[in-house]
Amino acid sequence: MSQPATFKLDGRDIPFEPGQTIMQAVQAAGAYIPHLCHHADFEPIGSCKVCSVRIKGRTVTSCTMPASAGLEVESEAPDINRDRKRLIQMLFVEGNHHCPFCEKSGNCHLQALGYHLGMQDTHFVHEYPQHAVDASHPDVMLDRSRCVLCELCVRASREVDGKNVFAIGGRGLKTELLINSPSGTLRDSAVAATDRALSICPTGALMPKRQGFVIPIGQRHYDHVDIAQRPEDT
Ligand code: SF4
């Protein structure tokens, strides 16, 4: 039987199947490339750029780049991780992420990536943007200040829940999550607290109501384990 084709990730051989992306092959091999808008259950969109790697001096998103034999992929270079940290810091200042008050703390991918990348401060001037909270639904809460525009809820609502409740609209700092309902709020939308669109949200932007501190802070997914050891989407 012939050996599978391989490429190198930071010097390590990674086997891949035809049609796999670099990210898919890396995850299948049990290795890790930091990522935020990618999820193994969904087609990649390459928007957050956190999974960017370098191939022959060119920066590409590993979630969209097809694997091919002989590639030499750099991921853990200090300058690549510094740029990833800057992206995470930008997301922190473009929203209002008050981790100690957020029910998602310890389960949040944004926070966990900040820990993983050694983020000690936000580096940039905080924007303190004004984004509307939508608490109109009896069971679901949307805090747009915590939204990182990853579009995972958009994809999950459309492809898993079969509802198409969410979309991204606007420009620049005014870009935000839109609701597909007559009022434009969650109240008369088709969303439910059990939707995949909620459980897949990597931050505390979309959360079920009345579920506070079921798991105490300090005992949550990333409280003691680095996200590289336990990425939730693999
Ligand atoms: Fe992503 Fe959550 Fe914002 Fe949806 S609400 S775009 S899942 S961060």
Side-chain angles (χ1 to χ4, degrees), residues 23 34-51 61 63-64 84 87-99 101-114 116 119 122 127 129-137 139-181 184-187 189-209 211 220-222 227 231-234:
M23 176 66 80
H35 56 276
L36 185 59
C37 75
H38 171 76
H39 192 288
D41 292 349
F42 295 93
E43 286 295 313
I45 59 172
S47 72
C48 76
K49 311 299 182 198
V50 173
C51 76
T61 48
C63 70
T64 55
R84 289 176 178 143
L87 288 170
I88 297 300
Q89 287 168 317
M90 271 189 249
L91 288 170
F92 267 89
V93 303
E94 288 175 358
N96 296 307
H97 300 278
H98 307 297
C99 300
F101 307 100
C102 182
E103 171 57 17
K104 195 79 172 191
S105 183
N107 291 322
C108 173
H109 289 199
L110 183 70
Q111 181 191 50
L113 281 165
H116 176 77
M119 183 179 142
T122 49
E127 300 283 350
Q130 304 271 316
H131 288 299
V133 170
D134 185 341
S136 63
H137 192 281
D139 302 319
V140 177
M141 176 90 181
L142 168 62
D143 184 345
R144 290 183 175 88
S145 289
R146 301 171 180 171
C147 176
V148 292
L149 304 172
C150 67
E151 296 192 37
L152 281 167
C153 63
V154 178
R155 289 176 270 171
S157 182
R158 182 177 60 228
E159 296 167 28
V160 179
D161 304 325
K163 296 179 178 177
N164 220 8
V165 170
F166 302 103
I168 304 287
R171 296 172 76 90
L173 278 176
K174 302 262 187 231
T175 305
E176 62 180 21
L177 195 65
L178 305 177
I179 311 297
N180 177 19
S181 74
T185 68
L186 290 173
R187 170 174 52 87
S189 76
V191 76
T194 51
D195 283 358
R196 186 70 176 115
L198 267 72
S199 62
I200 204 169
C201 179
T203 70
L206 266 175
M207 299 279 288
K209 288 183 173 176
Q211 288 191 22
R220 298 178 181 185
H221 198 71
Y222 302 121
I227 192 169
E232 261 186 339
D233 61 326
T234 52

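For ligands, and for the atoms within them, numbers begin at 1 and follow the listed sequence.
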Practice task
Report yes if the side chains of Pro34 and His116 come closer than 4.5 Å at any heavy-atom pair, otherwise no.
Solution key: yes
- Task: Indicate yes or no: at least one non-hydrogen side-chain atom of Leu36 is less than 4.5 angstrom from one of Leu91.
- Result: yes
Taking only non-hydrogen atoms of Ala205 and a 4.0 Å limit, the atoms of ligand 1 in range are 2 (Fe), 5 (S)
**Prompt:** Do NZ/NE/NH1/NH2 and the carboxylate oxygens of Lys209 and Glu103 come within less than 4.0 Å?
**Reply:** no
the protein heavy atom lying closest to atom 7 (S) of ligand 1 turns out to be Cys153 N, 3.4 Å
Counting heavy atoms under 4.0 Å, the part of Thr203 that contacts ligand 1 is side chain
Per-atom filter on ligand 1: closer than 4.0 angstrom to a heavy atom of Glu151 are 1 (Fe), 6 (S)
Next item on the list: Please examine the side chains of Asn96 and Asp143, heavy atoms only from C-beta on, and report whether any two atoms are closer than 4.5 Å.
Entry: no
Closest to atom 3 (Fe) of ligand 1 among protein heavy atoms sits Cys147 SG, 2.3 Å
Tested for side-chain contact (heavy atoms from CB on, under 4.5 Å) against Asp134, the lone hit among Ile179, Val140, Leu206 is Ile179
The closest protein heavy-atom partner of atom 8 (S) of ligand 1 is Val148 N, 3.4 Å
- prompt: Within a strict 4.5 Å, meaning less than it, do heavy atoms of the His109 and Tyr222 side chains meet?
  reply: yes
- Message: Any N/O/S atom from Cys201 (main chain or side chain) under 2.8 Å of atom 1 (Fe) of ligand 1?
- Response: no
- Could you check if a side-chain atom of Gln89 sits within less than 4.5 angstrom of a side-chain atom of Met119, using non-hydrogen atoms only? yes
Closest to atom 1 (Fe) of ligand 1 among protein heavy atoms sits Cys150 SG, 2.3 Å
Note: Leu177, heavy atoms under 4.0 Å from ligand 1, region reported as side chain
